[in-house]
4 protein chains.
Amino acid sequence: MARPLSPGKRNTLLAVATKVFANKGLSASTASITGEAGFAEGTLFVYFKGKDDLINTLYAEIKLGLANAMLSDLPKSNSVELQTKHIWNNYVEWGVKNPDQLALLHKIKVWEGLRPEVRDGTAARFAELHELTEHAIKSGVFNDIPHDFFAAMLTAQAETTMQFMRKDAANSDMFRDKGFEIFWNGITRKK
Amino acid sequence: MARPLSPGKRNTLLAVATKVFANKGLSASTASITGEAGFAEGTLFVYFKGKDDLINTLYAEIKLGLANAMLSDLPKSNSVELQTKHIWNNYVEWGVKNPDQLALLHKIKVWEGLRPEVRDGTAARFAELHELTEHAIKSGVFNDIPHDFFAAMLTAQAETTMQFMRKDAANSDMFRDKGFEIFWNGITRKK
Amino acid sequence: MARPLSPGKRNTLLAVATKVFANKGLSASTASITGEAGFAEGTLFVYFKGKDDLINTLYAEIKLGLANAMLSDLPKSNSVELQTKHIWNNYVEWGVKNPDQLALLHKIKVWEGLRPEVRDGTAARFAELHELTEHAIKSGVFNDIPHDFFAAMLTAQAETTMQFMRKDAANSDMFRDKGFEIFWNGITRKK
Amino acid sequence: MARPLSPGKRNTLLAVATKVFANKGLSASTASITGEAGFAEGTLFVYFKGKDDLINTLYAEIKLGLANAMLSDLPKSNSVELQTKHIWNNYVEWGVKNPDQLALLHKIKVWEGLRPEVRDGTAARFAELHELTEHAIKSGVFNDIPHDFFAAMLTAQAETTMQFMRKDAANSDMFRDKGFEIFWNGITRKK
DNA sequence: CATGAATGAGAGTTCATTCAT
DNA sequence: AATGAATGAACTCTCATTCAT
């Protein structure tokens, strides 16, 4: 299948689907998405093989967007702490700015139809982060734990932090910094 | 009084529903639950007002079970660290032993039909934990953060830890203890 | 089947069923009737073979009650006009006083489950009326029409009259008398 | 524009529904209608929002058809009696030719789901009839009764007449004329 | 490519009825 | 006799998907 002619329509569908699924749940009908987008019901199936394909695509694209956001403008030559904090800040700010995408990510994560290869798909994009971490663990800055455990802890704590930043916007910065402090203190090796 | 409502049947339905929903998602049919339980389709509606009611009940019961597990045998007179570690261990061990319940809890948490009063329902049962935390924050042992942020961080890190304990059973204890160490170092105040 | 032990319960069921069916339609559940009556669901089936039997019984009893009401205190020795007016008044007053029964009668009349022998069942009770009419037709007071056409016309006009008496209670007597006048002028032979 | 909605299909559905509902009652299943029509079950819901909507539409369309039939070819310049007789004949002949529609009208009239605005919907179409009656009442030809009472009496007597015309087709004309005679004698003012 | 009518399997739920208590 | 839990067929309606236009 050649690439569909209108990337604009495809993007509109992805954007509207994100909004609809985030707010109504994954059981929202495909018709509600095309309707809100102003397209005919059948058009969705021109751009995606089916609803499952749409949701899997959504997951992949959102995760990729998140990965890019996390690693944007990463200072190459700084200390591990500053680099980690940079990533942390990128991450939580993305989450605060993209609540629908974040909410949807969580819904899809526990969805029965997420394909395994999609679930583990963006690993490549995180290679940079992987190296950084690996280095920090080996050099003794970080606690001696498997890399994926480190990454999962970062994710878990950052996403918890985002929730509170969004819920209590006035103290957004406080949560962002306290959250990082807790993460950093937890993860670094004690003498 | 005719045949009395059977708590056994109710429990069977809850148990089977937990298994089915955890594995197939919340979109699993009510018929698949009664079928697996060996009951007629209508029987589910004798014990629960509808599918929504069943799922909300499931959430409340699982959360209550978790709360009870977490706080069981809590040593009253020990140090904050030992008490916290006790809770941590109870929590992650419950999660490892009850993977279906844990998986289901996450599915329901992002489900569109969870009633707010059910979502916030077991707060009372956690009062004990609340006091413990509040005390530790005030006394300066813990970082100066809102109590609910503390609780959310505990949850996030413990659940991440459980995943790794389950995935890599051979190193289960290592993850349990490393996880706690990271949590504890993060949350306690540095001089 | 011996007569059930409690005529009181049977009557309560009939009365409650009349009310419920009149207000919610014949699709009201048997449970809603036993519930409103304060009985168990199964009790209805002790007194009636099934829902169909209940509704057929209801029809027969209401029609019998109506027949008795129509013919009560009928002056034997009066003019045909006074006798007819007496019947007319009895009829419409019964209808105004028993709106649920009247409404239900109409619902059952167009119901798919009414058994033919029940539909035509109270003919016997109307024998008296039959004779009166037959006599009046033969003697030339009434128009020369089949007796059942006469009876149907009486019914149709009286029931229309009742509707207006109920809707406009202040003019209840006017409608009763105008209605009769129209009926009487219509049915009697012109010179 | 893809396949356009087919008025033919809509009409087929209405016609089949009329037949099925008239014969089996309003509790006949939607599947029995689409089945008899040779369509898929879901097709009914493309043309009507639901069963309720179908039945309400049926009522409106049948009533409109009846109104048009009643007033067709009404001679403008004739006597009140000839005009009234014309309407009467149109009415009862429609009823005799459309027994399903007539039976259904009565079922829907006592159905719990008939929407008030639909029940009172065709009033406009009857304006012509309203004027005629109003004029005749004021000019002293008709008895001094409210217009709606007049209309209800006409309906009641005409429909009773139709029943006998249908039941005894050989004497159809006799019933039609006798019926009118009774109606006319009843409704006109006596000196 | 875009459309949206048509499809029909499958869903949750209701309910008259049965029968063990 | 009275009860009400248990039943499972039947219902209306939804919806992802197809395909004629």
Side-chain angles (χ1 to χ4, degrees), chain A residues 1-2 4-6 9-10 27-35 38-55 113, chain B residues 1-6 9-10 27-35 38-55 113, chain C residues 2 4-6 9-10 27-35 38-55 113, chain D residues 1-6 9-10 27-35 38-55:
Chain A
M1 193 187 0
L5 286 196
S6 166
K9 254 177 191 159
R10 199 184 114 104
S27 61
S29 71
T30 54
S32 73
I33 292 164
T34 48
F39 304 150
E41 287 181 42
T43 301
L44 192 149
F45 296 88
V46 173
Y47 290 89
F48 304 96
K49 224 176 292 175
K51 193 184 187 181
D52 282 26
D53 182 39
L54 168 64
I55 299 178
Chain B
M1 208 197 296
R3 215 171 321 177
L5 270 177
S6 148
K9 254 177 191 154
R10 200 186 113 103
S27 62
S29 72
T30 54
S32 73
I33 293 165
T34 48
F39 305 148
E41 288 183 38
T43 302
L44 192 149
F45 298 90
V46 174
Y47 289 88
F48 304 96
K49 225 175 291 176
K51 193 185 188 181
D52 280 29
D53 183 40
L54 168 62
I55 299 178
Chain C
L5 286 196
S6 165
K9 255 178 189 158
R10 199 185 114 103
S27 61
S29 70
T30 55
S32 74
I33 292 164
T34 49
F39 304 150
E41 287 181 40
T43 301
L44 192 149
F45 297 88
V46 174
Y47 290 89
F48 304 95
K49 225 175 294 176
K51 192 183 186 180
D52 281 26
D53 182 39
L54 168 63
I55 299 178
Chain D
M1 208 198 294
R3 215 170 322 178
L5 270 175
S6 146
K9 255 177 189 153
R10 199 185 116 104
S27 62
S29 71
T30 53
S32 73
I33 293 165
T34 48
F39 305 148
E41 288 184 36
T43 301
L44 191 149
F45 299 92
V46 173
Y47 289 87
F48 304 96
K49 224 176 292 179
K51 193 183 187 181
D52 281 28
D53 182 39
L54 169 62
I55 299 178

Output the single nucleotide from E:dT3, F:dT3, E:dA6 whose closest atom is nearest the side chain of A:E41. E:dA6

Tell me whether the OP1 or OP2 atom of F:dA2 has a side-chain N or O from C:T43 closer than 4.0 Å. no

For B:G38 and for A:K51, find the nucleotide of DNA chain F with the closest heavy atom, then tell me which residue's nucleotide is more 5'. B:G38

A:V46 side chain, from C-beta outward: closest of F:dT12, F:dA5, E:dA2: E:dA2

Heavy-atom nearest nucleotide on DNA chain E taken for D:S6 and for B:D52; more 5' hit belongs to D:S6

Apply side chain to side chain contact (heavy atoms under 4.5 Å, CB included) to residues C:F39 and C:L44 and explain how you reach the verdict. CA-CA 8 Å; C:F39 304 150; C:L44 192 149; over 6 Å; no

Measuring from C:R10:CZ to C:L54:CG, what's the distance to the nearest 0.5 Å? 9.5 Å

So what does C:T30 touch, heavy atoms closer than 4.0 Å: a base, only the sugar-phosphate, or nothing? base

Just to confirm, is there a sub-4.0 Å distance from OP1 or OP2 of F:dA5 to any side-chain nitrogen or oxygen of B:Y47? no

Minimal heavy-atom distance between B:K51 and B:F45, with the atoms involved, is N-CE2, 4.4 Å

Spacing between B:D53 atom CG and E:dT13 atom C1', to the nearest angstrom: 13 Å

Classify the nucleic acid contact of D:K49 as base, sugar-phosphate or nothing, counting any heavy atom under 4.0 Å across all strands shown. nothing

Using a 4.0 Å heavy-atom cut-off, does C:G42 contact any base of the nucleic acid, only the sugar-phosphate backbone, or nothing at all? base

Nearest to side-chain heavy atoms of D:A40, which nucleotide of E:dC15, E:dT7, E:dT3: E:dT7

How many whole angstroms separate atom CG of D:L44 from atom P of E:dG8? 14 Å

Looking at E:dC19, which nucleotide sits across from it as a Watson-Crick or G-U wobble partner, both distances under 3.5 angstrom, or is there none? F:dG4

I want to check one thing: is the phosphate of F:dA6, taken as OP1 and OP2, less than 4.0 Å away from some side-chain N or O of B:K9? yes

Taken to the nearest whole Å, CZ/D:F48 to P/E:dA5 is 14 Å

Using atom CD1 of C:I33 as one end and atom P of E:dC15 as the other, report the distance to the nearest whole Å. 11 Å

Take B:F45 and D:F39, find for each the nucleotide of DNA chain E with the closest heavy atom, and name the residue whose nucleotide sits nearer the 5' end. D:F39

Exercise: identify the closest heavy-atom pair between C:A28 and C:S32: CB-OG, 4.0 Å

I need the B:T30 OG1 to B:F48 CZ distance, nearest 0.5 Å. 12.5 Å

